[in-house]
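Here is how names work: the chains are called A, B, and so on, in the same order as the sequence lines, proteins then strands, and each is numbered from 1. In what follows, every heavy atom counts, from backbone to side chain, and hydrogens, waters and symmetry copies are set aside.
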Protein chains: 2
Amino acid sequence: MPYPKHHAAKTREKILACAYKLFIARGFDATSIDRIMRDCQLTRGAFYAHFQSKSQLYGAAIAQAAMQSRLAGDRPTHLSEKAWLLELLTSYLCKDTSAKTDWPCPLAFLATDVVRREPEVRAAYTASFAAMNTHIRELAQTYSNCSEATVLSVTAMLIGTVAIARTLDNERLRISLLESSVQTAVMQLGLA
Amino acid sequence: MPYPKHHAAKTREKILACAYKLFIARGFDATSIDRIMRDCQLTRGAFYAHFQSKSQLYGAAIAQAAMQSRLAGDRPTHLSEKAWLLELLTSYLCKDTSAKTDWPCPLAFLATDVVRREPEVRAAYTASFAAMNTHIRELAQTYSNCSEATVLSVTAMLIGTVAIARTLDNERLRISLLESSVQTAVMQLGLA
DNA sequence: GTCTATATTGGGATAGAC
DNA sequence: GTCTATCCCAATATAGAC
């Protein structure tokens, strides 16, 4: 066959990465398949060999982004659970700066973009939220007994903070908000 | 003249209301001027007598929605500041249910939809956020001395909670999240 | 201020060659 | 798997009549 082994898988990954960048930067509707494929240096015709529709791609990209999250990754062995949680938390609340990471958090960056999409997209979003919540709770419970309710609302605060901070056009307010949420999260999760 | 006095102003209000409903239900890109005007029982041609562009309409609708918020309204004289804040907070955290109110909170419902729009739209969003924060702080400071940082992060939690709750496809998780945030806000704002 | 008609543009998806 | 070419539809915005 004319294509090397795993060529299809590689192409698929590339489409996912290019697509996610554009979804983050422009939202679902404003991102065209044409543009995604041009960024991959392919043409639109090739798209449908990998995905059935734009919506299916969207759900897959969100799931992929959630998997790439640092929260989903392993804790470095030289850090305690508590120290690792503090590190994750402070890095999360800096992420707003112009989506510089490769896989910005879909929970914050696409929050209101997901509501109206196909069920599979909402399912990917819900699973990501549940996973983030579980990870934080598991880390927190190794050193404190903070309640499930506390973890749930802290998770919402983190996501809300990043989503809002990205949108604010007032730099001082943005910084205040991010710093306030770090402070509150540290208190609520007993990281002080 | 063939049109009654204030006809233009009435029409403008009607366009704003119909447009906002659609923006909330479908987002900016998926809302067409054609559909907005059909809902107003007018045609597309009339639109440009009232607004210069869809973006300008979007900013105006967000500003209008923020003004219509209960938070921006007057406190009933028979309620203390503390009781009124508790009432506002619990009603805010029920709002997610399918946007049943006339002017759902743009901060939560349009959070990630605003980032990429014209500066005037982001400015309207920022002003709404600052106003919500100030209102909560002013009420809270009549009976407690909670910090500005606390109020900022609580505000972000409220908005984040509603935005996320709307998106979740798991009813149990949605309810847990809303209840957890009520509980946390009550604690943080000294409303217990 | 509101209408109908239209110019212009662009996107999703498919067909069929290679 | 990837290409080019094409079908089909919808959207913003403008023109000009009433």
Side-chain angles (χ1 to χ4, degrees), chain A residues 1-62 110 113-114 116-121, chain B residues 1-61 113-114 116-121:
Chain A
M1 67 173 78
Y3 298 101
K5 230 177 162 183
H6 296 133
H7 177 80
K10 289 277 183 204
T11 302
R12 194 188 144 97
E13 299 283 315
K14 200 171 168 188
I15 295 174
L16 278 172
C18 289
Y20 194 68
K21 273 199 186 67
L22 287 167
F23 286 141
I24 290 294
R26 308 173 167 215
F28 180 80
D29 288 319
T31 298
S32 69
I33 295 175
D34 199 42
R35 174 57 192 268
I36 294 168
M37 297 307 280
R38 262 197 290 127
D39 285 9
C40 293
Q41 295 178 299
L42 294 169
T43 58
R44 187 169 55 244
F47 174 79
Y48 294 93
H50 297 275
F51 297 93
Q52 289 181 353
S53 69
K54 196 174 142 183
S55 277
Q56 196 211 348
L57 167 66
Y58 195 53
I62 288 173
L110 302 175
D113 216 49
V114 168
R116 301 168 275 269
R117 311 262 104 83
E118 325 275 289
E120 59 186 331
V121 182
Chain B
M1 67 175 76
Y3 296 102
K5 231 175 159 184
H6 296 135
H7 177 79
K10 289 277 183 201
T11 302
R12 193 187 145 97
E13 299 283 315
K14 201 170 168 188
I15 295 174
L16 278 172
C18 290
Y20 194 67
K21 272 201 187 68
L22 288 166
F23 286 142
I24 289 295
R26 309 174 166 213
F28 181 81
D29 288 318
T31 297
S32 70
I33 294 175
D34 198 43
R35 174 58 192 267
I36 293 168
M37 297 307 279
R38 262 196 292 127
D39 285 9
C40 293
Q41 295 177 299
L42 294 169
T43 57
R44 185 169 54 245
F47 175 80
Y48 294 93
H50 298 275
F51 298 93
Q52 290 182 353
S53 69
K54 197 174 143 182
S55 277
Q56 196 210 348
L57 167 66
Y58 195 54
D113 216 48
V114 169
R116 302 167 274 266
R117 311 262 102 86
E118 325 275 287
E120 59 186 331
V121 182

- Item | With sequence neighbours excluded, residues passing side-chain hydrogen bond (donor to acceptor under 3.5 Å, both in side chains) with A:R12 | none

- Could you check which residues of residues 18-37 of chain A get a heavy atom under 4.0 Å from DNA chain C? Sort them by number, please. A:T31, A:S32, A:I33

- Message: I need the residues from residues 42-57 of chain B with at least one non-hydrogen atom less than 4.0 Å from DNA chain C; give them sorted by number, or say none.
- Response: B:L42, B:T43, B:R44, B:G45, B:A46, B:A49, B:H50

- Item | A:E118 vs A:Y58 side-chain heavy atoms within contact, under 4.5 Å | no

- Message: Can you list everything that forms a side-chain hydrogen bond (donor to acceptor under 3.5 Å, both in side chains) with B:R44? Sequence neighbours excluded, please.
- Response: B:D34

- Query: Who pairs with B:R116 by side-chain hydrogen bond (donor to acceptor under 3.5 Å, both in side chains), at least two apart in sequence or on another chain?
  - Reply: none

- Only counting residues at least two apart or in another chain, list the ones meeting side-chain hydrogen bond (donor to acceptor under 3.5 Å, both in side chains) with A:R35. A:D39

- Using side-chain contact (heavy atoms from CB on, under 4.5 Å) as the criterion, list what pairs up with A:A25, not counting sequence neighbours. none

- Note on the structure: B:K10 atom NZ is separated from C:dG1 atom P, nearest whole Å, by 15 Å

- Item | Residues which pass ring pair (Phe, Tyr, Trp, His ring centres under 6.0 Å) with A:Y20, listed by chain and number, not counting sequence neighbours | A:W103

- Within this structure, what is the CZ-to-P distance between B:R38 and C:dC3, rounded to whole angstrom? 13 Å

- For A:Q56, check side-chain contact (heavy atoms from CB on, under 4.5 Å) against everything at least two apart and list the hits. A:F51, A:Q52, A:S53, A:E120

